[in-house]
2 protein chains.
Amino acid sequence: MAHGDGMNYAPTGKPAPVCAPGEFVVAAVGLDHGHIYGMCNGLAEAGAEIRVVYDPDPAKVAAFCERFPAARPAPSEQDVLDDPSVQLVASAAVPADRCGVGLEAMDHGKDFFVDKPPLTTLEQLAAARDKVVATGRKYGVYYSERLHVESAVYAGQLVEQGAIGRVVQVIGMGPHRLNAPSRPDWFYDRDRFGGILCDIGSHQVEQFLFFTGATGADVTSSRVANYAHKEHPGFEDFGDCTLVGDNGASGYFRVDWFTPDGLGNWGDGRTFLLGTDGYIELRKYIDVARDPAGDQVYLVDQQGEHHMSVAGQVGYPFFGQFILDCLERTELAMTQEHAFAAAEICITAQMRARRVEQ
Amino acid sequence: MAHGDGMNYAPTGKPAPVCAPGEFVVAAVGLDHGHIYGMCNGLAEAGAEIRVVYDPDPAKVAAFCERFPAARPAPSEQDVLDDPSVQLVASAAVPADRCGVGLEAMDHGKDFFVDKPPLTTLEQLAAARDKVVATGRKYGVYYSERLHVESAVYAGQLVEQGAIGRVVQVIGMGPHRLNAPSRPDWFYDRDRFGGILCDIGSHQVEQFLFFTGATGADVTSSRVANYAHKEHPGFEDFGDCTLVGDNGASGYFRVDWFTPDGLGNWGDGRTFLLGTDGYIELRKYIDVARDPAGDQVYLVDQQGEHHMSVAGQVGYPFFGQFILDCLERTELAMTQEHAFAAAEICITAQMRARRVEQ
């Protein structure tokens, strides 16, 4: 677990290849967000070969090659697209640019795996949906705050086992450390990062759908604010949203950039699953003032109170499942529609958000 | 800290009289909710004499007199009203009936101190506001989840000291144990208990106003549901609400009746105060799977992570302040307008709530 701002959070797990060496070849295109490391780590541990990398910034490429020395720096994006060995393009470009990378990749017969948010407008979403239909390729999304967090994976297993009955509500808190000096200009430009609900809110929407089993949701309220960073007028340091799932489940999440310097980690992310027969709390990245280790699961059911520290115990099954989905054209890791539904909801929440002034 | 359903939760603190014996005389009228014990405990510890009690149910009166043996059972409510020695009437009647008790008390020159929710309709609220103006009497409210919880009192002190900068958001979770067999019929009748947002939501609204310093708030969304108690069609087992304060602060709260049997207490109440320079989490009644003792305060500021266990360390200053307010006609414990503003907001939230089906 890296301290710092969360931007370079790249969990490492136990290698568990699902395919032979060279059987699944990945290219990284667009290294603007450090999540590309988590994405490629996860894929590599599951057996993928990170064979090619491209970014217009040579410094970013050099840094990437230090971590993935087998990756060949490509001279252009077109060179990657024209490489017939590349089966999947992974991208953490600036959010507003991600869809463009994906559409090109799919047009060249490659699956796509993109950092969240996967896109930033409904127009991009429509284009991506059309492209999936036209090409049969995948537009997979790295919703890292569930897929790459062992406590969240474990909670999904508990829910599936019926540990808390029907999940009637999910509350998510996604605070992040701003770490202002480290941020590029696009970070403060709403059109580029997509807005706080679209960006870090996308994790929360995805978790709501996943844990409640809803396939869609109405945005019943949403708002954004810039409470304390007026020097960046295009920035949003706070956002929240209420949802009602198509199965009647309720959701609320808050996202913000107010993690104080005194926290031993980039953000005290929490998830609360309220069930008819119990509840689960996840202290994902830290158990504040109790334990610097994350992945702390608190379960209260009809029998008692339970605390489970699951770091290193669960792994990240998404990556292997996703590779197999690409190889076998299945949808076991995550359905395409789920990935898009989360994106649509967070963009809708962003568009409709009441802007709180003061 | 009593286990059980929370209905008879009656904290005891250290006696700290603010007046001489007999200087402040209280009558309890309407014992439907066990909160009357917490109200009278708090007043008695601060120096009040609990001199008279009336309820139409002799069993309730007998139980009350066991706890307050000096209290004289009155033969009727009118007898209490006609007793010139009684300075304050305290009531935990059925919520829909509370305002009626209060208006009568005030008409007879007595201050009023009522369990939350203090009233259940906007018509009652208008009548109460008018009566305050007409009589100069007080309509005080026992918002116990702040006033009678040491961690909440302490959090107020921290905020006042600027420990987390400006409070930009408050999230409250108010789960309660249903304990169905113990509940009277009115408990399931929405018109009698006022609805879940009006009833247990009133605590949450009051805390939002208090901790953010807002004097009023817009209800930006609210909803109620009966997810799992269809055998009581008039019941609501879930509610939530978003608020924007007149100072721009944001609020969210969830209330529910889903506390599982395995929890060592009636509800895992939490309050999260998000500030521009830190945040505070209150684990009010239990630190789940960590410590059965409540009043656990977690503070993260720019310097570090801090955990303070404050049970027995802070006391309940409200009661003495409120007695002095009555004796000296001041408003130091809580302003009348604050008490009414919280009531108005929670009734508005209840009236506008979207009913979630399924």
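Residue numbers start from 1 in every chain, and the chains themselves are labelled A, B, ... in the order their sequence lines are given, proteins ahead of strands.
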Would A:Phe238 and B:Gln169 satisfy side-chain contact (heavy atoms from CB on, under 4.5 Å), going step by step from the backbone distance to the final call? CA-CA 9 Å; A:Phe238 175 91; B:Gln169 200 217 19; 3.7 Å; yes
Part of A:Val168 within contact of chain B (heavy atom distance under 4.5 Å): both
Given that the side chain runs from C-beta out, which part of A:Tyr227 has a heavy atom under 4.5 Å from chain B: side chain, backbone, both or neither? both
Less than 4.5 Å to any heavy atom of chain A: does that hold for the side chain of B:Asp237, its backbone, both, or neither? neither
Applying side-chain contact (heavy atoms from CB on, under 4.5 Å) to B:Tyr252 and A:Thr242, what does each step give before you reach the verdict? CA-CA 9 Å; B:Tyr252 173 76; A:Thr242 61; 4.3 Å; yes
Check each atom of B:His306 against the heavy atoms of chain A and say whether the ones under 4.5 Å are side chain, backbone, both or neither. backbone
Is B:Arg355 close to chain A through its backbone or its side chain, or both, or neither, when contacts mean heavy atoms under 4.5 Å? neither
Chain A contact via B:Tyr298 - which portion, at a heavy-atom distance below 4.5 Å: side chain
More than 12 heavy atoms of other residues, nucleotides or ligands under 6.0 Å from CZ of B:Phe235: yes or no? yes
So A:Asp268 and B:Val300, side-chain contact (heavy atoms from CB on, under 4.5 Å) or not? Walk me through it. CA-CA 10 Å; A:Asp268 186 6; B:Val300 183; 5.6 Å; no
A:Val288, A:Asp240, A:Leu299: which one forms the most heavy-atom pairs within less than 4.5 Å of chain B? A:Val288
Checking heavy atoms, do the side chain of B:Ser250, its backbone, both or neither come under 4.5 Å from chain A? both
Report which part of A:Gln303 has an atom under 4.5 Å of a heavy atom belonging to chain B: side chain, backbone, both, or neither. backbone
With chain A, which of B:Ser221, B:Gly248, B:Pro260 has the greatest number of heavy-atom pairs at distances under 4.5 Å? B:Pro260
Please evaluate residues A:Phe258 and B:Ile164 with respect to the criterion side-chain contact (heavy atoms from CB on, under 4.5 Å), reporting the C-alpha separation (whole Å), side-chain torsions for both, the decisive distance (0.1 Å), and the verdict. CA-CA 11 Å; A:Phe258 284 114; B:Ile164 59 169; over 6 Å; no
Examine whether an atom of B:Ala225 lies under 4.5 Å from a heavy atom of chain A, and if so say whether it belongs to the side chain, the backbone or both; otherwise answer neither. neither
Chain B heavy atoms under 4.5 Å from A:Asp218: which part of the residue, side chain, backbone, both or neither? side chain
For the residue pair A:Arg290 and B:Asp287, establish whether any side-chain heavy-atom pair is separated by less than 4.5 Å. yes
Contact origin within B:Ile171 toward chain A - heavy atom pairs under 4.5 Å: side chain
Among A:Glu281, A:Arg283, A:Glu357, who wins on heavy-atom pairs under 4.5 Å with chain B? A:Arg283
With side chains defined as the heavy atoms from C-beta onward, is the minimum distance between A:Phe272 and B:Met173 less than 4.5 Å? yes
Most contact-rich option vs chain B, by heavy-atom pairs under 4.5 angstrom, among A:Asp256, A:Thr259, A:Leu274, is A:Leu274
Where does A:Ile286 contact chain B at under 4.5 Å (heavy atoms): side chain, backbone, both or neither? side chain
Taking atom types as modelled, is there a side-chain donor on A:Thr220 or B:Arg354 under 3.5 Å from an acceptor on the other? no
